[in-house]
Amino acid sequence: MTVRTRFAPSPTGALHVGGARTALFNWLFARSQGGKFILRVEDTDQLRSTDEAVKAIYDGMDFLGLDWDEGPKADGSFGPYMQTERLHIYKEYADKLLKEGKAYYCFCTTEELNKQRKEAAEKKEAPKYNKTCTKLTQEEVQNRIKNGLPYVIRFAMPESEKIEIDDLIRGKVVFESDLLDDFVIMKSDGFPTYNFAAVVDDHLMQITHIIRGDDHLSNTPRQIALYEAFAFELPKFAHIPMILGNDKKRLSKRHGATSVIAYKDMGYLPEAMINYLARLGWGHKDEEIFSREELLKMFSLDGVTKNPAVFDVEKLNWLNGQYIRKAIPERIVDFCEPLLINAYGDHDIKHISKIVSLFLDRLVVIPDIVELTEYFFKDNFTFTEKALNNLKKEGALQILKELKEKISNAESFNKEELEKAFKGLAAEKGVKLGVIIHPCRAAITGRTESPGIYDVIEVLGKEKVLERIDKALVS
RNA sequence: GGCCCUAUAGUCUAAUGGCUAGGACGCGACCCUCUCAAGGUCGAGAUACGGGUUCAAUCCCCGUUAGGGCUACCA
């Protein structure tokens, strides 16, 4: 039997990191097993689902390179893959349950249900539906429907049953059916609820492995009861731990960016994101850096941990730096170019490329390039206080003057010649190199830190360098 | 409240009964060095607590505590 997994997001917002990690694990598992990865959009919440969110999910998947074998915008013989296009299917299956007496119509209003729940809470009982509507006769039910009373369809939960989940990650988990109530499977708007639609679709789409967040573990017994009512074959379940914020609470906007697109916009590379997400809740020996190919080779469900993981942007930062350094420089230049042009106006790509290459070791995220390179693009760059102090130091201006003489006479303005000039001057004056370099750096960059000074001078060019030294001398 | 899940350093994890509990991020120091990075070396830092089982428990069992989830006509 070939493996079939699915990622089934509800389009109520951007693809967040938790969802992305679930998608990743499903993708990795299916592809590493030679199986199929399916995308199904669970858009049955009419209030919260939006087309923009569907698009946002595609964008997030696209950024991470998680492509699906079947789903919207792809082929597949188990479609449609948007749940709202499958309404007739859910109705058919609900009717089947109705006919077999495994489900029933319910006309209770929200107010009535709230009242029931409140009463149950006061009596310290489980807030279960009290089955009022099971007492209705066939006739009463038909009449109410005829009269246009709104209704839902409830699943008749079997009594006194033990429902066992054999979870691939958690092992055996047992629930008592008596603690579960007759949950709604079809809403009054004719749309299915999550637990119902998921079961029908997972069966029809022949999903073999349901890999999803831990938060669904408690929903699983309801779904298993449904599988049993339909006599569907049970898929394998694998509940992966959730991703939490630094306060160990469910990750939310309060913790900062949560959508993968936000991370894209902040300048994180997709391979860094994939690597980081893979390591949240999964590990393999002592290794930290995994290419997509390596993940495909090494990923397995028994490497998945049970405990929740805190999203740590510091580690993501480190990984991103690793991947920036590992990347083909031209690719990083391509990422930087539009940001630099946007900040400093049009510049020759060759010039930009030279500048960016000086900063490859210094980037944590791509947009760092903008602030780091200001003095390459602007002549009225700002001076830091420390840099100003370096220029005020005794002898600083004198040495700058001599440096200017020296390099303006240099035969050519390349790194090697410059180094010779600096070292020559240092030897003549009997001072350490830093005594020359520090004021020079301050004068031409306005800062106390930069790439190697010879590199900076070379890329900046003779004219600008001499100009800046002059400016420092007169001020 | 009920039910369920989880528990190795600040964080991500390795080690599933047996050497000084391993690696990574972060942190500190040092090296390299013109600065900042990058890179290298070293260091501090953990088995939540209490009971069992066992010759031996991070590991198995029970309890406590803590955190999380479900308990919707959300998914």
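Every value quoted in this text rests on a predicted model; they were computed, and no experiment measured them. Order of the sequence lines sets the chain letters (A, B, ...), proteins ahead of strands, with each chain counted from 1.
- One can place CG of A:Asp312 at 16 Å from P of B:A24, the figure rounded to the nearest angstrom.
- Under the Watson-Crick or G-U wobble criterion, with both distances below 3.5 Å, B:C70 is paired with B:G2.
- Considering only the side chain of A:Asp45, B:C74 comes nearest among B:C12, B:C74, B:C25.
- In a base pair of the Watson-Crick type (N1 to N3 plus N6-O4 or O6-N4) or a G-U wobble (N1-O2 and O6-N3), with each distance short of 3.5 Å, B:C60 is matched with B:G52.
- Nucleotide B:A7 holds its C1' atom 11 Å from the NZ atom of A:Lys306, rounded to whole Å.
- The existence of a salt bridge linking A:Glu417 and A:Lys406 is excluded, since no basic side-chain nitrogen approaches an acidic carboxylate oxygen closer than 4.0 Å.
- Phosphate proximity of B:U8 to A:Asn307: present, with a side-chain N or O under 4.0 Å from OP1 or OP2.
- Counting only heavy atoms from C-beta on, A:Thr110 has its side chain closest to B:C73 among B:C73, B:G69, B:A24.
- Residue A:Asn219 places a side-chain atom within donor-acceptor reach of the base of B:A75, judged by atom type and a 3.5 Å distance cut-off alone.
- Here the side chain of A:Val184 is nearest to one of B:G23, B:C73, B:C34, namely B:C73.
- When the side-chain nitrogen and oxygen atoms of A:Lys248 are compared with OP1 and OP2 of B:U6, none of them lie within a distance under 4.0 Å.
- The base of B:C5 does not come close enough to the side chain of A:Arg170 for any donor and acceptor atom to sit less than 3.5 Å apart.
- Residue order along RNA chain B, read from the 5' end via each residue's closest nucleotide, puts A:Tyr454 first among A:Tyr454 and A:Arg325.
- B:U11 and B:C74 have their C1' atoms separated by 31 Å, with the value rounded to a whole Å.
- The base of B:G23 lies outside donor-acceptor range of the side chain of A:Glu287, with no N or O pair under 3.5 Å.
- Counting only heavy atoms from C-beta on, A:Ser218 has its side chain closest to B:C4 among B:C4, B:U71, B:C34.
- The aromatic ring centres of A:Phe290 and A:Trp282 sit less than 6.0 Å apart.
- Relative to the six-membered ring of A:Phe381, A:Lys378 misses at least one condition, a distance below 6.0 Å or an angle of at most 45° to the axis.
- Closest to the side chain of A:Asp361, out of B:C12, B:A38, B:U35, is B:A38.
- Each of A:Gly434 and A:Tyr194 was assigned the nucleotide of RNA chain B with the nearest heavy atom; the assignment lying further toward the 5' end belongs to A:Gly434.
- For A:Arg117, a side-chain nitrogen or oxygen approaches OP1 or OP2 of B:C73 to under 4.0 Å.
- Taking 4.0 angstrom as the limit, A:Arg250 places a side-chain polar atom (N or O) nearer than this to OP1 or OP2 of B:C70.
- Cation-pi contact between A:Arg40 and A:Phe7: absent, since separation from the ring centre below 6.0 Å together with deviation from the ring axis within 45° is not met.
- For A:Tyr375 and A:Phe377, the distance between ring centers is not under 6.0 angstrom.
- Pairing for B:G43 is with B:C27, a Watson-Crick or G-U wobble pair whose two hydrogen-bonding atom distances lie under 3.5 Å.
- Contact check, A:Gln116 against B:A72: no side-chain N or O comes under 4.0 Å of OP1 or OP2.
- Distances were taken from every side-chain heavy atom of A:Leu179 (C-beta onward) to each of B:U8, B:C12, B:C3; the shortest belongs to B:C3.
- Counting only heavy atoms from C-beta on, A:Phe175 has its side chain closest to B:C4 among B:C34, B:C73, B:C4.
- Salt bridge annotation for A:Glu42-A:Arg212: absent, with no cationic side-chain nitrogen under 4.0 angstrom from a carboxylate oxygen.
- Side-chain nitrogen and oxygen atoms of A:Lys249 include none within less than 4.0 Å of the OP1 or OP2 phosphate oxygen of B:G69.
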